Amino acid sequence: MGFDEEWAQLRAGAAGRAAAAPAVVAAIEVDPVTAAREAATARLADFRSRVVLVPSDDRGGLWTTQLGGLDWICAFSDEETLSRFAVARDEAAQEWTYRRVIGARLLDEVIPALDFPCGVALDAAGPEGIVFPPMRGIVPDAAALDGEAAA
């Protein structure tokens with residue numbers, strides 16, 4: 001099973017669990033677009049301030065994979081999450097070397113230094129996984145697909 005299929009299965013499972021959760025009645029009606037934007041902004045701020053684990057490829061560079069026609073640096077919150085990813089890929093027996101990198105450094109320095117568009121997939125093997133695509137507001141405009149360089 002490829003990364004695309006694994007990711008789709010994990011996301012579908014998480015969506016199913018969210019749909020099955022009991023609804024909470026709120027006294028104040030919240031615009032769902034505003035709520036989603038605020039949640040995404042909070043997740044991005046959390047990622048930028050945290051240290052993540054980024055596996056190394058066989059040449060010692062940051063390990064990337066393709067999903068949806070775009071390259072992604074895979075980052076993990078902790079060793080347990082990285083281990084879960086290795087098990088999902090049926091590669092738990094191999095040694096996974098990794099680097100500790102601050103999320104902001106990945107977005108602000110590493111991605112702009114690459115000669116190809118790339119995003120970050122955080123905790124790809126878990127229900128709390130999230131992607132940070134190379135878009136304005138996430139990476140510098142010059143590295144964003146919708147930024148200065150794209151125009």
Side-chain angles (χ1 to χ4, degrees), residues 1-55 57 61-89 96 98-151:
M1 178 183 308
F3 179 79
D4 292 336
E5 292 85 5
E6 293 172 22
W7 183 259
Q9 283 182 351
L10 291 168
R11 299 309 297 161
R17 287 189 299 279
V24 177
V25 178
I28 301 173
E29 192 169 318
V30 177
D31 174 39
V33 173
T34 301
R37 185 176 291 121
E38 289 172 357
T41 300
R43 291 286 308 265
L44 176 60
D46 177 60
F47 174 74
R48 293 182 67 77
S49 67
R50 80 171 24 185
V51 174
V52 294
L53 310 180
V54 181
D57 65 15
L62 300 180
W63 193 75
T64 62
T65 192
Q66 282 206 338
L67 175 65
L70 189 63
D71 287 285
W72 298 89
I73 296 170
C74 291
F76 300 91
S77 297
D78 51 38
E79 288 179 347
E80 180 181 327
T81 309
L82 174 56
S83 176
R84 202 168 37 242
F85 181 75
V87 168
R89 293 181 52 84
W96 286 72
Y98 58 84
R99 299 177 195 185
R100 296 179 191 279
V101 183
I102 296 173
R105 185 161 188 229
L106 280 175
L107 299 174
D108 297 341
E109 297 175 27
V110 174
I111 289 177
L114 298 173
D115 59 356
F116 55 91
C118 189
V120 176
L122 177 65
D123 296 337
E128 298 297 317
I130 187 169
V131 294
F132 300 104
M135 304 299 280
R136 286 183 300 151
I138 297 175
V139 300
D141 287 356
L145 291 177
D146 63 340
E148 294 170 7

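Since the structure is predicted, the reported quantities are computational estimates derived from the model, not experimental observations. Numbering of residues begins at 1 and proceeds along the displayed sequence.
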Do V120 and V139 have side chains that approach each other closer than 4.5 Å (heavy atoms only, starting at C-beta)?
no
Just wondering, are more than 12 heavy atoms of other shown residues or ligands nearer than 6.0 Å to CG in L53?
yes
With a 4.5 Å heavy-atom cut-off, do E79 and Y98 have their side chains touching?
yes
With sequence neighbours excluded, tell me which residues meet salt bridge (Lys or Arg N to Asp or Glu O under 4.0 Å) with E109.
R105
To the nearest 0.5 Å, what is the distance between CZ (F76) and OG1 (T81)?
8.0 Å
Judged by atom type as modelled, is there a donor-acceptor pair below 3.5 Å linking the side chain of W72 to the main-chain atoms of L67?
yes
D71 side chain to C118 main-chain N or O, any donor-acceptor pair under 3.5 Å?
no
Between D123 and R84, is there a salt bridge with N-O shorter than 4.0 Å?
no
Shortest non-hydrogen contact from P112 toward A143:
CA-CB, 3.8 Å
Roughly how far, to the nearest 0.5 Å, is the CG atom of L122 from the CG atom of D46?
8.5 Å
Taking R99 for its side chain and V54 for its backbone only, find out whether a donor-acceptor pair lies under 3.5 Å.
no
Does any part of the side chain of P133, heavy atoms only, come nearer than 4.5 Å to the side chain of L145, both counted from C-beta?
no
Among pairs that include at least one residue of residues 33-45, which meet side chain to side chain donor-acceptor pair (under 3.5 Å), considering only residues two or more places apart or in two chains?
D31-T34
Shortest non-hydrogen contact from V51 toward R100
CG1-CB, 3.7 Å
So, do D57 and T64 sit near enough that their side-chain heavy atoms are less than 4.5 Å apart?
no
Identify, with sequence neighbours excluded, every residue that meets ring pair (Phe, Tyr, Trp, His ring centres under 6.0 Å) alongside F47.
F132
Beyond-backbone contact of L107 with L44, side-chain heavy atoms, under 4.5 angstrom
yes
Search all heavy atoms of C74 against all heavy atoms of P55 and return the closest pair with its distance.
O-CD, 3.2 Å
Starting at CD1 of I111, measure out to CD1 of I73 and round the result to the nearest 0.5 Å.
5.0 Å
Output field: ring centroids F85/W63 closer than 6.0 Å
yes
